[in-house]
2 protein chains.
Amino acid sequence: MADAVIDSKSEVSDARDVTDLVLQDILAGVLLPGTWLKQIDLERRYKCTRPEVRRALDRLAQKRLVEHVPNRGYHVYEPDGRRAREVSEIRIVLETAVAEAIVEKASSAEIARLRQLAEHFDRMVLNGTTLELYEANLAFHRHLLTLGGNLELVELITEIRQRTSSAPVSQWRTRARVEQSGREHHMMVDAIAASDTDRLKVLVRQHILQR
Amino acid sequence: MADAVIDSKSEVSDARDVTDLVLQDILAGVLLPGTWLKQIDLERRYKCTRPEVRRALDRLAQKRLVEHVPNRGYHVYEPDGRRAREVSEIRIVLETAVAEAIVEKASSAEIARLRQLAEHFDRMVLNGTTLELYEANLAFHRHLLTLGGNLELVELITEIRQRTSSAPVSQWRTRARVEQSGREHHMMVDAIAASDTDRLKVLVRQHILQR
DNA sequence: GTATCCTAAATTGGCACCAATTTTGGATAC
DNA sequence: GTATCCAAAATTGGTGCCAATTTAGGATAC
């Protein structure tokens with residue numbers, strides 16, 4: 001992807017994978033749950049070819065973000081309360097489990113970096129798009145988990161995070177809630193700096209549940 | 001260089017998805033790590049079309065069981081010690097976490113069913129193929145996890161189990177080890193029947209690590 | 001006026017062909 | 001004898017076309 005960044009012509013869309021573009025539009029709430037993703041529309045919307053569209057849809061179906069109905073097409077999954085709850089449970093188990101390793105291994109330099117990312121999130125709350133906010137949040141949490149030392153876990157959580165974010169707009173709509181998220185980020189960094197594992201665990205649990 | 005072995009006899013049914021067939025051959029050790037999966041070979045081996053092969057390869061690449069090198073093709077991933085260790089860690093965290101729920105919710109009927117599956121595994125140790133043994137093991141663990149009540153977790157663990165089973169043959173080679181697995185299954189069922197959560201957790205941890 | 005059937009448009013999904021890139025084998029130069 | 005370069009073969013990956021299936025619209029019967 002590094003070489004693709006240099007090539008910033010008229011549109012970024014040619015360089016990045018179509019799958020990510022559709023994914024982001026689903027996460028951003030542009031493509032609402034239940035919407036039928038007609039291949040001809042996606043083809044035009046993302047300026048790409050038919051096979052690319054099909055591959056993207058197949059990948060999203062594998063990730064279970066869209067459902068495939070043979071000879072009918074693909075449509076965005078409806079939000080599933082049970083699934084969302086179960087994914088939250090899984091995230092709590094995994095993310096509180098790494099809390100110990102994080103407190104143990106975090107150097108002051110890495111804590112400073114984490115603080116930077118928390119501040120970047122705050123800035124995006126004030127003057128950033130929904131997508132930028134989403135990515136700032138993701139960056140913070142990815143770096144947080146990276147401190148645990150289990151890279152496979154970082155990827156896994158990043159993956160399952162996308163799994164139930166079918167209605168991020170409604171979840172992130174209220175400004176108060178987003179600002180609360182920002183404060184919690186800083187509290188987590190504080191807990192790490194203070195080597196307070198138990199507090200970090202409580203914060204992580206709350207942070208996942210409150211959304 | 002060792003190319004994909006062409007064996008036109010092993011075709012069983014057109015009904016199943018090609019992706020699963022390739023997946024099973026990788027898990028069974030028929031397609032060894034490092035093997036280049038030439039599209040023309042797969043096409044003939046599984047009696048399917050070129051697009052089907054491509055979709056299967058793309059899906060396996062998403063699951064990170066094969067690596068895609070542009071204009072070169074797809075090859076089976078080499079076993080990665082670090083990754084295997086990290087996946088084991090994740091599995092321990094997740095599977096010990098559901099231990100409580102399992103002990104709490106398991107009815108006598110479901111415990112009996114679990115016992116059946118453990119016994120089925122034992123039979124496959126004696127007179128079953130590597131694949132049948134693998135599936136009997138999977139069936140036991142899936143039912144075990146199902147008792148926890150978090151269906152999303154069942155799917156997730158099933159998924160990450162496949163993620164590092166690139167060398168199941170070497171892992172499962174010794175009969176003594178497989179028989180030990182069978183005994184551990186029964187010990188786990190015993191612990192559930194006795195409502196001994198802590199013992200179940202210890203057993204689960206050992207079971208994951210010993211492989 | 002309503003329900004049913006039938007025809008036509010639209011969409012999906014598979015198939016075959018072709019261009020682009022890489023690898024292999026051999027010939028040539030040193 | 002060894003290394004380098006070039007040409008031919010093979011493989012990947014994209015494009016366009018067409019068949020199969022579904023849906024929408026309208027005509028007909030009751």
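Quantities reported herein were computed from a predicted structural model and do not represent experimental measurements. Per chain, numbering begins at 1; letters A, B, ... match sequence-line order. All values below come from the heavy atoms of this structure, side chains included, with hydrogens, waters and symmetry mates left out.
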Q) Does a side-chain N-to-carboxylate-O contact under 4.0 Å join A/Glu155 and B/Arg83? A) no
Q) Rounding to a whole Å, what distance do you find between A/Ile40:CD1 and C/dA10:C1'? A) 10 Å
Q. Can you tell me how far P of C/dG13 sits from CD of A/Glu43, to the nearest Å?
A. 14 Å
Q. When you check the gap from the basic side-chain N to the acidic O, do B/Glu119 and B/Arg115 get nearer than 4.0 Å?
A. no
**Q.** Residue A/Pro51, side-chain heavy atoms: nucleotide from D/dT12, C/dC15, D/dT15 that is nearest
**A.** D/dT15
Q: Report the relative orientation of the aromatic rings in B/His185 and B/Phe121; use parallel for angles under 30°, tilted for 30 to 60°, perpendicular for over 60°.
A: perpendicular
**Q.** B/Gln39 CD - C/dA16 P separation (whole Å)
**A.** 15 Å
**Q.** Euclidean distance, A/His75 NE2 relative to A/His68 NE2, rounded to 0.5 Å
**A.** 10.5 Å
**Q.** Value in whole Å for how far the P atom of C/dT12 lies from CD of A/Glu52
**A.** 17 Å
Q) In residues 67-75 of chain B, what residues come within less than 4.0 Å of DNA chain C, judged by heavy atoms? A) B/Asn71, B/Arg72
Q | Length of the line joining A/Arg50:CZ and D/dG14:P, which is rounded to integer Å | A | 16 Å
Q) Could you state the CG-C1' distance from A/Leu37 to C/dG13, rounded to the nearest angstrom? A) 16 Å
**Q.** Phosphate contact (D/dG14 OP1 or OP2) by A/Thr49 side-chain N/O below 4.0 Å
**A.** no
Q.
I'd like to know if A/Lys201 pairs up with A/Glu100 as an ion pair, taking the criterion as any Lys NZ or Arg NE/NH1/NH2 lying under 4.0 Å from an Asp or Glu carboxylate oxygen.
A. yes
Q | Salt bridge flag under 4.0 Å for residues B/Asp80 and B/Arg64 | A | no
Q) Are the side chain of A/Gln24 and the backbone of A/Leu131 linked by a donor-acceptor contact shorter than 3.5 Å? A) no
Q: Starting at atom CH2 of B/Trp36, determine the distance to atom P of C/dT21, rounded to an integer number of angstrom.
A: 17 Å
Q. Does a distance-only test, which skips hydrogens and angles, find a donor-acceptor pair under 3.5 Å between the side chain of A/Arg54 and the base of C/dG13?
A. yes
Q: Starting from P on D/dT15, measure out to CZ on A/Arg55 and report it in whole angstrom.
A: 10 Å
